[in-house]
Number of protein chains: 2
Amino acid sequence: MTKLTGDLKGKRVAMVCGVPMDVENCPVRDVMDNIGGKWNSLMILSLADGALRFSQLRRLIPDISQRMLTQTLRDLQRDGYIHRTVYPTQPPSVEYALTDLGRSLLGLLKHFVDWSVENHGAIRSAREEYDAEA
Amino acid sequence: MTKLTGDLKGKRVAMVCGVPMDVENCPVRDVMDNIGGKWNSLMILSLADGALRFSQLRRLIPDISQRMLTQTLRDLQRDGYIHRTVYPTQPPSVEYALTDLGRSLLGLLKHFVDWSVENHGAIRSAREEYDAEA
DNA sequence: GCATATAGTCTCTTTTTGAGACTTGCTCTT
DNA sequence: AAGAGCAAGTCTCAAAAAGAGACTATATGC
């Protein structure tokens with residue numbers, strides 16, 4: 001199903017599931033680097049039900065620092081997963097909402113959530129077993 | 001489809017897609033923390049076609065440091081995604097292979113790979129547009 | 001007039017990650 | 001027989017990322 005080496009721009013390069021794993025030009029890595037961060041996918045899941053403001057997100061995810069909340073939102077906005085709208089109230093309020101791309105990713109993430117819930121037990125046992133040997 | 005607050009052990013807690021987001025006891029976070037790392041999912045994808053040895057993995061993923069390769073393999077082993085077998089050759093060779101749990105996760109990751117390839121263009125454009133405004 | 005709220009930024013400390021030298025015993029080359 | 005290379009890591013030090021939390025400015029409620 002997958003070959004381990006392939007040819008990309010004349011360079012011999014590893015293939016994973018049919019996709020070249022070239023360090024510089026790998027879509028999977030490019031995407032993964034941005035949604036694989038500690039908070040990024042959690043943020044997208046948090047916006048699943050509709051737009052939220054900065055402070056609402058902060059309350060929803062109590063253990064994120066303001067610094068990381070800002071940065072995560074910026075990153076997701078840059079990659080087109082969320083949209084930022086400023087309302088000219090006093091003080092101004094800012095709303096974050098998923099874009100179409102973000103909702104598309106959300107679909108994937110939901111499968112991931114289901115999988116996690118289903119397999120959490122197995123993972124915990126594996127971990128205990130491993131730790132017991134040390 | 002999802003409520004934003006729920007009740008878990010008497011504590012009011014955020015819900016995401018029907019799953020409590022309680023910081024201490026959240027399966028999704030627990031799983032995500034371990035496969036969301038920089039190298040973890042790449043490692044599982046690399047083992048998709050069969051077992052590989054330490055040095056083979058190092059060559060397959062040229063930009064991982066030995067230190068992180070060791071650590072990533074340990075983490076994945078601890079959580080039960082991969083299995084480590086030592087062959088008593090001289091020098092001993094060590095083989096890493098996916099477990100059933102690992103193969104199950106691989107199924108999810110493949111969807112992720114497909115999604116990445118499909119949407120990579122959109123993400124790149126979003127990024128360019130964002131950067132142009134600065 | 002005091003506390004609270006808005007959306008952040010700034011600085012400082014701690015944690016993670018990366019680069020790469022080093023280990024030990026064996027085989028292959030010259 | 002000397003030197004190089006490989007196996008699977010560990011160890012140390014430097015660089016990058018993340019976390020904690022003080023601080024900004026304006027405005028409203030009490």
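A, B, ... follow the sequence lines: proteins, then strands. Residue 1 opens every chain.
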Would you classify Q66(A) as touching base, sugar-phosphate or nothing, given that sugar-phosphate means primed atoms plus P, OP1 and OP2, and contacts are heavy atoms under 4.0 Å? base

In whole angstroms, the gap separating C1' of dT9(C) from CG of L69(A) amounts to 13 Å

Rounded interatomic separation in angstrom, taking CD from Q71(A) and P from dA20(D): 14 Å

In whole angstrom, give the distance that lies between atom CD of E95(A) and atom P of dG8(C). 12 Å

What nucleic acid atoms does R67(B) come within less than 4.0 Å of, heavy atoms only: base, sugar-phosphate, or nothing? base

Closer than 4.0 angstrom, basic N to acidic O: yes or no for D75(B) and R78(B)? no

Within less than 4.0 Å of OP1 or OP2 of dT16(C), is there a side-chain N or O belonging to K38(A)? no

Round to the nearest Å and state the distance from R53(B) atom CZ to dC6(D) atom C1'. 10 Å

Closest to side chain of S65(B), choosing from dT26(D), dA19(C), dA8(D): dA19(C)

Nearest whole Å is fine: how far is dA7(C) P from L52(A) CG? 11 Å

Would you tell me if any nitrogen or oxygen in the side chain of R74(B) comes within less than 4.0 Å of OP1 or OP2 on dT10(D)? yes

Tell me the interatomic distance from M68(B), atom CE, to dG9(D), atom P, rounded to whole angstroms. 15 Å

Would you classify T70(A) as touching base, sugar-phosphate or nothing, given that sugar-phosphate means primed atoms plus P, OP1 and OP2, and contacts are heavy atoms under 4.0 Å? base

Can you find a pair of side-chain heavy atoms, one from T72(B) and one from L42(B), that are under 4.5 Å apart? no

OP1 or OP2 of dA17(D) versus the side-chain N and O atoms of W39(A): is any pair under 4.0 Å? no

Nearest to side-chain heavy atoms of S55(A), which nucleotide of dT6(C), dA8(D), dT9(C): dT6(C)

Sorted by number, residues from residues 78-89 of chain A placing a heavy atom under 4.0 Å from DNA chain D are none

With a 4.0 Å limit, can you tell me whether R58(B) has a side-chain N or O closer than that to the phosphate oxygens OP1/OP2 of dC6(D)? no

